[in-house]
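Per chain, numbering begins at 1; letters A, B, ... match sequence-line order. What you see is a predicted model, and the numbers here were worked out from it, not measured in a lab.
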Amino acid sequence: MTVRERFREAVEEKVRKALEGMGCDACFEVETPSSGVADIAVPCFPLAKVLRKAPQAIAAELCGMIECDGPVCEVKDVNGYLNFFIDQDVLVRETLQEIVSAKEDYGRHPSKGVKVNVEHTSINPTGPIHVGRARNPIIGDTLSRCLRRCGYEVEAEYYVNDVGKQVVLLTWGVRNLPESDVDGSDRAKNDHRLVPYYRRANQMMEEDENVRAEISSMLQRFETGDQEVIDQVREVTEMMLDGLRETLDSIDVRLDRYTWESQYIADGSARKVVESLKQSPYCGDNDGSAYLELKDFGIHGKNTRFTFTRSDGTTLYTTRDLAYHLDKFRRADRAVDVLGEDQKLGSQQLTAALEILGSEKKPEAMFYSFVSLPEGKMSTRRGTVVYLDDLIDEAVERAYEEVKSRRDDLSEEEMRGIARVIGVGAVRYNIVRVQPEKKMVFRWEDAMNFDGNSAPFLQYSHARACSILRKAGEFTRTADETLLTDEYERRLVSALSLFPEVIRDCGENKRIHMLPSYAHELASAFNQFYAVVPVLNSGDLRDARLTLVDCARVVLKETLDTLGIVAPEGM
RNA sequence: GGGCGCGUGGCCUAGCCAGGAUAUGGCGGCAGCCUCCUAAGCUGCAAGUCAAGGGUUCGAAUCCCUUCGCGCUCGCCA
């Protein structure tokens, strides 16, 4: 248990006892004031009715009955509130001791023995990732990292859509069009290189009846399980995925597993889902096409019909998705789906269908809104898409110029290395910074922000801490609270002590945008400390201050790591 | 039209789920700070009808209702 947790429990216990002393066993709230007037406060207004006294009088009376000890060092009554203060000496000593002994495991919660599958990215393999979709891998990867730190065993997974007209069309194009027939692409990466084939195939299908016939026969063979066509599609999809993986690697998004949609056709599980759903009382038939009536499952309006087979009996995307979710539930205790907001209805229907199938587990969806451009939606047709690869390159390039302008002592290679880490960090940070359900407008200057609330701000604090430690050489670690009494030292320790509960909030409540917010608060506390408190030339206080700097370095590093951002030792 | 989500200083954003004391930060603006550990930093100032209206409450950015604006959605597509 952390000092803060013990503090909170002690406060609750003291207030409970004091209330008992007044002959009252009413419930009360404990809150953290935003303005910093107390570490924890208990508002006495709700007690006024029960005790039939003015809140101010209750607060005063309770205050007189409470004795401070342990982590609770002071209690005051102010305007009907009971304000409690944590003992700074205890906080400093115990927080630093914990970080010094746990090191990079500080804030890592013990294993829960629960497996969580996080499905994210799952972008259709028909083109490169554009910034409109980039929230998905970054949110998914950050959530995976938070959950791991919360003690869950996480498997991050990409569901590869290798079924359907789009991929068949792409496959046809790649297999039948000579290179000379298609436009060139800006990049040699497979995902960019194949797009012109897809575009041309689309065009030809619209213009040429024979092509249309060829493709529709290919599609038919695919859906009846023709292994040759399935393999061809798989091969082309692999090529495309190759390019997507390269992009994901470049921003440190780690996937543990790729699952292919065609698998659920091949192994018959989608078929089983169909058979099983047909037994359900909610099943109906419309010209041979089977559907579920979901009005009893909290789905309103005209959207209550959920179709799961075509009239020729073949399965639909959603049917395969059901088989996929049943599979995920066999492999994990929980399944989280990171989805675009356009999937909301589909996800609701999926959950209802899973319930009908008798699944006891439900997928936990996490939705994000789309990224648009100042001039409106991104559109491939209008050529207004911004590719993630371009954003990364641009951010890295800008970071390079920045590094170059302030460091003339580094080699070209070192500058390039730092620039990459900063550019990529800035991109990731600026995407997770905002709540997923809020819509984002993509602006180059925001996406590559290097000041204030940005990844480079955090990285810079970390680099500064490293720089001090590098110059310090060997020192003896000490968590002697009597040596760390400066206001800025104490504020920094306070920020450090929050890390474990921030991690818990991010993981347990899937509120990952709280992590950037905390990271900024921490880095800011460090920068303030750095500006006013000398470390290397601080005489008797040197070891204690170096210990604090090292602890700050550890927590900054781990915070950045949880955000999937590299913490450079110099920049 | 029905459903879901969003609306917080010029711009971006936290807080909303579990209602409480002067609403969190950042960008931009203005004014300062490098004889000292990296100024991608630090300090200060100006800037707010928490979309609008009503309700519940001792108390509402937070809960409820209505309205407005924006996004998504309502395929035998994936």
B:C76 OP1/OP2 closer than 4.0 Å to side-chain N/O of A:R305:
no
Is the base of B:C76 touched by the side chain of A:S311 through a donor-acceptor pair closer than 3.5 angstrom?
yes
Classify A:V533 by what it touches in the nucleic acid, base, sugar-phosphate, or nothing, heavy-atom distance under 4.0 Å.
base
Would the base of B:C70 count as contacting A:K439 through its side chain, where contact means a donor and an acceptor less than 3.5 Å apart?
yes
Between atom CG in A:N527 and atom P in B:C34, what is the gap in whole Å?
18 Å
Which whole number of Å gives the distance between the P atom of B:A18 and that of B:U22?
24 Å
To the nearest Å, how far apart are A:K471 NZ and B:C37 P?
7 Å
Who does B:G71 pair with, Watson-Crick or G-U, both distances under 3.5 Å?
B:C4
Distance, rounded to the nearest Å, where A:D342 contributes CG and B:G3 contributes P
20 Å
Roughly how many Å apart are B:C45 and B:C27, using the P atom of each and rounding to a whole number?
16 Å
Spacing of A:I299 atom CD1 relative to B:G2 atom C1', expressed in whole Å:
14 Å
Looking at the side chain of A:M514, which of B:A39, B:C58, B:G15 is the nearest nucleotide?
B:G15
Using only heavy-atom distances, decide whether a donor-acceptor pair under 3.5 angstrom links the side-chain of A:D321 to the base of B:A78.
no
Are any of A:R511's side-chain N or O atoms less than 4.0 Å away from OP1 or OP2 of B:C17?
no
Value in whole Å for how far the P atom of B:C42 lies from CG of A:D451:
10 Å
Given B:G5, B:A78, B:A21, identify the nucleotide with an atom nearest to the side chain of A:N124.
B:A78
Tell me whether the OP1 or OP2 atom of B:U13 has a side-chain N or O from A:Q435 closer than 4.0 Å.
no
How far does the P atom of B:A47 sit from the matching atom of B:G5, given to the nearest Å?
36 Å
State the CG-OH distance between A:D505 and A:Y518, to the nearest 0.5 angstrom.
13.0 Å
OP1 or OP2 of B:C77 under 4.0 Å from side-chain N/O of A:R320
no
Which of B:C76, B:C6, B:A78 is nearest the side chain of A:Q343? It is B:A78
For the C1' atoms, the ones on B:A51 and on B:U8, what distance do you get once it is rounded to whole angstrom?
10 Å
Euclidean distance for C1', B:C64 against B:C77 (whole angstrom):
39 Å
Indicate, with a heavy-atom threshold strictly under 4.0 Å, whether A:T307 touches base, sugar-phosphate, or nothing.
sugar-phosphate
OP1 or OP2 of B:U8 sitting under 4.0 Å from any side-chain N/O of A:K438?
no
Just N and O in the side chain of A:R553: are any of them under 4.0 Å from OP1 or OP2 of B:C37?
no
Where the side chain of A:V535 is defined as all heavy atoms beyond and including C-beta, which of B:C37, B:C42, B:A21 is the nearest nucleotide?
B:C37
Step through it carefully: locate the ring centre of A:F457, locate the ring centre of A:Y429, and say whether they are under 6.0 Å apart.
no
Expressed as a whole number of angstroms, how long is the span from A:F84:CZ to B:A21:C1'?
16 Å
Separation between the C1' atoms of B:G75 and B:C11, rounded to whole Å
39 Å
Pairwise P distance, B:G55 and B:A61 [rounded to whole Å]:
15 Å
Atom P, compared across B:U13 and B:G26: separation rounded to whole Å:
16 Å
So what does A:P55 hit on the nucleic acid, given a heavy-atom distance under 4.0 Å: a base, only sugar-phosphate, or nothing?
nothing
Can you tell me how far P of B:C33 sits from CD of A:Q528, to the nearest Å?
20 Å
What is the distance, to the nearest angstrom, from the CG atom on A:L47 to the P atom on B:C58?
15 Å
Counterpart base for B:G28, defined by Watson-Crick or G-U wobble contacts under 3.5 Å:
none
